[in-house]
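In what follows, a single structure is set out as structure tokens and then discussed.
Any value given below was found using the heavy atoms of this structure, including those in side chains, with hydrogens, waters and symmetry copies removed.
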Amino acid sequence: MKIEKLNITFAERYESFLLVHQEALIYHSWRYQNFLVELLDCCQETRLVVDREGQILAALPLMSMNDCKYGRVFNSMPYYGSHGSIIGNNAEAVRMLQNEFRDLHRDNKVAASTVIENPLSKNDNNNFDYDLYVERIGQFTRIENLKSADLMEIFHSKTRNMIRKACKLGITCEVDNKNFTFLGRVHHENMLEVGGLSKTLRSFELIKKHFIEESDYRLYIAKHQGSEVAGLLVFYYNSVVEYYTQ
């Protein structure tokens with residue numbers, strides 16, 4: 001076994017490897033990493049462990065950016081809620097990637113590094129060296145084999161009441177995969193209200209460039225009396241539907 005850096009030569013094998021691991025998310029994908037490289041002007045640093053035949057046994061999705069003042073920053077993966085960490089079931093390959101991540105710090109002037117663990121992963125990531133460990137709450141809902149009526153039963157009572165109220169008000173919802181202008185505007189307004197940082201309009205333009213509508217993503221627009229009132233962007237990857245922006 002040996003470690004390789006992900007590049008176009010491995011891209012097809014890498015995607016095939018991800019799709020046989022149910023824990024693989026959109027953030028691990030080749031397309032998403034290319035999206036980040038163009039959006040952030042960062043470097044793709046993803047490491048793979050391959051066997052003698054060139055088959056991938058494990059992968060660590062990883063991006064980096066250089067800060068001239070403090071040094072290089074490594075993230076797996078960038079942005080809040082973007083899960084990274086190691087994908088793979090081979091214990092030795094997983095350990096190799098954990099050691100590789102540690103060695104990257106020795107070989108580079110590193111200001112900071114972050115690994116966002118994947119809640120769906122069964123790997124033990126305690127062997128990563130770290131100075132700070134922070135726990136966050138994530139929400140995952142299993143929806144396979146569920147019918148529309150079943151969904152209402154698993155929603156919180158307040159959510160069910162909001163859905164019923166929306167129906168009474170005549171709120172309609174449709175797919176409009178081109179309407180990123182409205183999504184970007186309403187997203188920016190919402191984030192201003194809560195004092196948060198909004199995604200840039202350029203990020204939405206690059207989503208259209210790097211991903212395929214209906215196959216990779218779907219944009220839902222809610223309307224009231226013909227006027228657009230809300231938007232929701234979801235990504236589809238492997239067996240997961242990922243809420244991305246609203």
Side-chain angles (χ1 to χ4, degrees), residues 19 21-29 31-32 35 77-84 116-121 134-246:
L19 293 177
H21 291 80
Q22 290 189 345
E23 70 269 30
L25 302 171
I26 185 72
Y27 308 111
H28 303 110
S29 71
R31 286 180 180 172
Y32 187 79
F35 161 73
M77 293 288 283
Y79 289 121
Y80 176 80
S82 299
H83 302 290
I116 310 292
E117 292 186 75
N118 182 349
L120 302 180
S121 175
V134 179
E135 290 189 0
R136 298 293 178 90
I137 296 175
Q139 181 175 329
F140 290 81
T141 304
R142 302 185 71 90
I143 60 173
E144 66 266 58
N145 302 320
L146 285 177
K147 299 178 181 178
S148 298
D150 298 327
L151 283 174
M152 284 292 283
E153 293 301 317
I154 66 175
F155 292 152
H156 190 278
S157 59
K158 291 184 178 180
T159 302
R160 294 197 297 267
N161 289 337
M162 287 189 290
I163 293 172
R164 295 187 183 103
K165 183 177 180 180
C167 291
K168 289 180 179 179
L169 291 173
I171 302 292
T172 60
C173 187
E174 62 186 44
V175 176
D176 186 354
N177 292 322
K178 308 297 183 184
N179 203 349
F180 280 91
T181 300
F182 169 74
L183 177 67
R185 176 171 59 81
V186 74
H187 165 69
H188 179 69
E189 293 170 354
N190 291 340
M191 294 305 292
L192 279 179
E193 289 183 4
V194 298
L197 294 174
S198 59
K199 295 180 175 67
T200 63
L201 291 177
R202 182 169 178 265
S203 69
F204 295 120
E205 290 299 318
L206 289 178
I207 285 174
K208 292 189 291 184
K209 175 180 177 180
H210 287 277
F211 300 96
I212 302 171
E213 62 180 76
E214 290 298 314
S215 175
D216 295 327
Y217 71 87
R218 186 176 286 174
L219 174 54
Y220 292 91
I221 302 295
K223 293 183 177 181
H224 181 237
Q225 297 179 349
S227 298
E228 299 161 336
V229 293
L232 172 67
L233 175 64
V234 295
F235 275 115
Y236 299 95
Y237 190 79
N238 211 355
S239 58
V240 177
V241 181
E242 179 88 22
Y243 145 74
Y244 190 70
T245 305
Q246 67 176 8

Exercise. Within the side chain of N238, is there an N or O that forms a donor-acceptor pair under 3.5 Å with the backbone of E23?
Worked result: no
Problem set entry | Audit row: I26, Y236, side-chain contact (heavy atoms from CB on, under 4.5 Å) steps and yes/no | CA-CA 7 Å; I26 185 72; Y236 299 95; over 6 Å; no
Problem set entry | Value rounded to 0.5 Å, distance of CG in L183 from CG in D176 | 10.5 Å
Exercise. Is the shortest side-chain N to carboxylate O distance from R185 to E189 below 4.0 Å?
Worked result: yes
Exercise. Is the count of non-hydrogen atoms from other residues, nucleotides or ligands lying under 6.0 Å from Q22 atom CD greater than 12?
Worked result: no
Exercise. Within the side chain of H187, is there an N or O that forms a donor-acceptor pair under 3.5 Å with the backbone of K199?
Worked result: yes
For this session: Nearest 0.5 Å please: distance from the CD atom of E117 over to the NE2 atom of H83.
Result: 10.5 Å
Exercise. For the atom pair OG (S198) and NE2 (H188), what is the distance rounded to the nearest 0.5 Å?
Worked result: 5.0 Å
Exercise. Partners of R164 by side chain to side chain donor-acceptor pair (under 3.5 Å), sequence neighbours excluded?
Worked result: N161
Exercise. Aromatic rings F204 and F180: how do their planes relate, parallel, tilted or perpendicular, breaks at 30° and 60°?
Worked result: tilted
Problem set entry | Nearest-0.5 Å distance that lies between atom OH in Y27 and atom CD in E242 | 3.5 Å
For this session: Kindly check if the number of other-residue, nucleotide or ligand heavy atoms within 6.0 Å of CG (L197) is above 12?
Result: no
For this session: Just say parallel, tilted or perpendicular for the rings of F235 and Y244, cut-offs at 30° and 60°.
Result: perpendicular
Problem set entry | pair V175-E214: side-chain heavy atoms closer than 4.5 Å | yes
Exercise. N118 side chain to L120 main-chain N or O, any donor-acceptor pair under 3.5 Å?
Worked result: yes
Problem set entry | Within-4.5 Å side-chain heavy-atom neighbours: Y237 and L19 | yes
For this session: Determine yes or no for a side-chain-to-main-chain donor-acceptor pair under 3.5 angstrom, with N179 supplying the side chain and I221 the backbone.
Result: no
Seminar exercise, completed: Output for pair (L219 CG, F182 CZ), nearest 0.5 Å, gives 9.0 Å
Exercise. Where the side chain of R218 meets the backbone of V234, is there a donor-acceptor pair that is under 3.5 Å apart?
Worked result: no
Problem set entry | Salt-bridge contact R202-E205 (side-chain N to carboxylate O under 4.0 Å) | no
Seminar exercise, completed: OG of S157 to CZ of F155, rounded to nearest 0.5 Å, is 12.5 Å
Exercise. Which atom pair, heavy atoms only, marks the closest approach of R31 to F211?
Worked result: CB-CE2, 3.8 Å
Exercise. Taking side chain as C-beta onward, heavy atoms only, is H224 less than 4.5 Å from S227?
Worked result: no
Exercise. Taking the side chain from H28 and the backbone from G84, do they hold a donor-acceptor pair closer than 3.5 Å?
Worked result: yes
Exercise. Got more than 12 heavy atoms from elsewhere within 6.0 Å of NZ, K178?
Worked result: no
